[in-house]
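Below is one structure, written out as structure tokens, with a few remarks after it.
Letters go in sequence order (proteins before strands), and every chain restarts at 1.
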Amino acid sequence: MVPLSFAGRDFIATREGALFCTDSRALIVADLHLEKASWYARMGQLLPPYDSLATLDRIEQLADRLDAAALWCLGDNFHDVGGPARLPAGARARLERLGRRLDLHWIVGNHDPQLTETFGGSAHEEAWLGGIALRHIARRGARGAELSGHFHPKLRLSVRGHRVARPCFVRAGDRIVLPAFGSLTGGMAAFDPAIADALGPIEAAMIVVSGRLLTFPNAPAALSRPHAMAQCAGRST
Amino acid sequence: MSENSSLPQRFTDWFATRGWRLRDHQAAMLAAGRAGEHALLVAATGAGKTLAGFLPSLVDLAEAPAKGLHTLYISPLKALAVDVQRNLLTPIAEIGLDIRVEARSGDTPADRKARQKSNPPHILNTTPESLSLLLSHPDSLTLFAGLRTVVVDEIHAFADGKRGDLLSLSLARLQRIAPHLRRVGLSATIADPDLYRAWLAPDGDIDAVRLVAGDPGAEPEIDILLPTAEDGVVRVPWSGHSGSYAAEPVMRLIEANRTTLVFCNTRSLAELTFQELWKHNDQALPIGVHHGSLAREARRKVEAAMARGDLRALVATASLDLGVDWGAVDLVVQMGAPKGSSRLLQRIGRANHRLDEASRALVVPGNRFEYLEARAALDAVEAGERDPDQFHPGSLDVLAQHIMACACAAPFSEAALLDEVRGAMPYSGLTAEEFGRVLGFIRDGGYALKAYDRFRRLAPDGTAPDGSPMWRVSHPRFVTQHRMNAGIIVDAPLLTVRFNNGRQLGTVEEFFASTLSLGDTFFFSGLSLEVVGIKDTDLIVKATSRPARIPTYVGARMALTTNLAGRVREFLCDRDQWPRFPDDVREWLEAQDRRSVLPQPGQLLVETFPRDGSHYMVAYPFEGWNAHQSLGMLVTRRMETQGLQPLGFQASDYALVCHSIVPVTDPASLFSADILADEFVDWVEGSALLKRAFREVAVIGGLVERHHPGRRKSGKQVTFSTDLIYDVLRKYEPDHLLLKAAWADARRRLTDVGRLGDLLDRAADTMLHVTLDRVSPLAVPALIMIGRESVAQGAADDALFEEAETIAQEAMAQS
């Protein structure tokens, strides 16, 4: 958990990839993709039916630790429109409990354009939180502060022959893309042109490690060189 | 003699025109065939083993022509199936038999596959995977109903692995479809034929399988090539594996022979050796390289050139180990240590397929330990000693795949299938409870949380006459899904190496590619290549004249076998042997005796000494690379706990080297048996090992679909990683079947926990700790090793990110 100043407000960035707005006590997460496993199960791949539970457990722990008053989920909350109907009883109870204790807000995403249930919260196409726009996908060319998800940014590095990868925040000016929070979500390279295309020139990827916010600047060449970070690491050893 | 006379006249005449006579083992196989007995033939390469395997079928078909599939031939390699077909067609044509032979593999066109089912050949050559797929079709019940014989070739090469498990299950199924089916196994020479008889036999009944031994053939002529300096003095290198000193003399031997096979233990060594040989190839002789990372087309091309006799030498790895017949090879060179006497013999068997002439081979040790190992291997070969094999209980992920295949073919009775499965030796000890769990896994994922009742792949289908529940596949799409994804070989994620113009050179593991940067050079497919980009799953390269870095590949390694390790230990303390060794090897051992200790075979020598400002501990367990690697991980963890501040370790087949800031004074506390109980589980669960194993069982077991060639990842990930599934499953259902299967694999193959356990059990009683003021002679080869591991555990990823950030910030600040 690291303080992060953004759009003139104080936030806390967490290791799990959530943001917490300290004055509104709002916890913000992106791309939960609840019931992703059962979506695959429907297609014949019987993945462990615990992904929603795992995701909600982590949210609950964070909400406890930060004493959150509100929870904002930035879209692709469920892996598909049928997701809420498939929630196992345990995960459903967990979600309803969150809805009772928190001010729960769902931004809809491309995976769940209609939210059939809100679990005691409310659904929005987009929303504003103290002057900051909350969206599922960063709006191209938009001005002003914005938090969004959708891209599942992930930082992949090769350091001394060891490969490490972790979901990361991506920042361009006063706009941030959050990493995917869901337990079964994959990732896209942090400096992928697709993200820059929506967000504008990316300044840095950020992760929280050992109580520090590590910032990885986007080398200009990185857009065309997918392993530019590896080169940085390689040269010094 | 009476067995001999049973060969029909036409066959006798054909043998005569060839200048052959029926060999004893061929006659014995024929007799077993006539008696309807199962048989295992154990014979050296070049003994006419394949013909001996087929002869009973050919004779039977000649005497009593019949329609329909008569004989199924299974080999571990597609290429071998094709090669055998070619060899089989010659006698069939020359004897004038009306017998149709066809091959079937993943590459066989769909129309031919369909025809093979409607109008089957007499003999079908195929692989374990293709057989399993055939068995998933409903018409397999009629196709195999009249099957008389199944011949399993190269049985020694795969019976004890997962492909062996799959084939064993398929054999049990075939036996159920065709109760009079006769099983025939063909094997190279093995230490314990009874193990293979049991594997081959229905219900493990050894006595049902006749053992036939081939002619022993002439003793091979094996020498050790030693480097000789200009002054005529032999100098065995201190360290390394490459034996690169030998490039020039080996090249001269290639020039002097017709065709030479050069075997290397790793792909990177094969690339390096090829490069070194080429430097000395003054006459520009055609030589090639062949290993598992090369593109299939590239391998086929090399194999074809070899078959035509166009190549004077081929540098190869284990990908060429199996018995494809190249005919004219007259010299085999083994670069680096042979690792086992059976392996050495099988490789040597590739030279000179005429049984009565000695095969010629040369071993090129890369360092002094490897010299001792080479010497030990030669002695073992001379003594007729083979490497012991170990069979393990069958893998549950393979069983899941097999049960799904059976379900795809027809509804099945639970009790009858369990009974059938237990007839396969690897599964003879399977409990009803385990079977039930595998069945549950296939049905709905087998989770404690019953979330997937609606998505069941198996549906109840009434009750069998025996009162047992019947099951059927609930939707045809699961049948298609099974057939698209079945298979036992799960590759590490790969990148295709190609030029900008699209020409493909082969594949490298993603792990290796991730260590490359733009402009880096590496040696691959016999070319020096420069990385110009990475695009999707392609590594784009261009040829370069700049010197190359050598590619490194990950993967479990061949470990030194216990019998060679035993012989090397004997060498160390048996001074009577030393006069046989080159002067510098003998002097090395004498120096060790003076400066430290030469351990007795039962002793575990541990040396500690300071060097370069840190402290070293070198242990000599001789238990092979895999066990030492695991031990290194565990011991350094314990050193960490004891506050010794370990810096890293190096494992080799012989020794384990750990270095630390604080000296080790009580090694016995590090090597105690409780390390397996305490640290082992923590370590394996936290390491990439279990995730790697989980990936394999998840794919084989059918939990996740594998990537298909042609279906590429786009920029956005289209599938989830099995690592994420592993994390969720481990947290919420740690007893799940697939986690158990992954653990079994991790214990058996990745960590060699069996040998590790043996080592730790005897460590306390046999440890001999010597404190030295500097490095000992014996430690030198172990100390200068490739493959060092730095200690990176626990929060290691975090440290790497922090390191990378610092570097990245620095780099950015300068620009």
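- Pairs passing the salt bridge (charged side-chain N to carboxylate O under 4.0 Å, His left out) check and including a residue from residues 471-480 of chain B, sequence neighbours excluded, read B:Asp461-B:Arg472.
- For A:Ala37, the parts lying under 4.5 angstrom from a heavy atom of chain B are both the backbone and the side chain.
- Both the backbone and the side chain of A:Leu53 come within contact range of chain B, with heavy atoms under 4.5 Å apart.
- In this view, A:Arg171 satisfies the salt bridge (Lys or Arg N to Asp or Glu O under 4.0 Å) rule with no residue, not counting sequence neighbours.
- Here OH of A:Tyr50 is found 13.0 Å from NZ of B:Lys731. Values are rounded to the nearest 0.5 Å.
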- Query: Should A:Gln45 and B:Leu703 be marked as a side-chain contact (heavy atoms from CB on, under 4.5 Å) after you check the CA-CA gap, both sets of side-chain angles, and the distance that decides it?
  - Reply: CA-CA 6 Å; A:Gln45 293 191 72; B:Leu703 179 70; over 6 Å; no
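- Both the backbone and the side chain of A:Pro49 come within contact range of chain B, each with at least one heavy atom under 4.5 Å from a heavy atom of that chain.
- Of all heavy-atom pairs spanning A:Pro48 and B:Tyr447, the tightest one is N-OH, 2.9 Å.
- The distance from the CZ atom of A:Arg86 to the CZ atom of B:Phe455 is 6.0 Å, given to the nearest 0.5 Å.
- With a threshold of 4.5 angstrom between heavy atoms, A:Ala54 approaches chain B through its backbone and through its side chain.
- Taking B:Asp727, B:Val728, B:Asp723 one by one and counting their heavy-atom pairs under 4.5 Å with chain A, the maximum is reached by B:Val728.
- Taking OH of B:Tyr732 as the reference point, atom CG of A:Asp51 lies at 10.0 Å (rounded to 0.5 Å).
- The CG atom of B:Leu724 sits 6.0 Å away from atom CG of A:Leu184, with the distance rounded to the nearest 0.5 Å.
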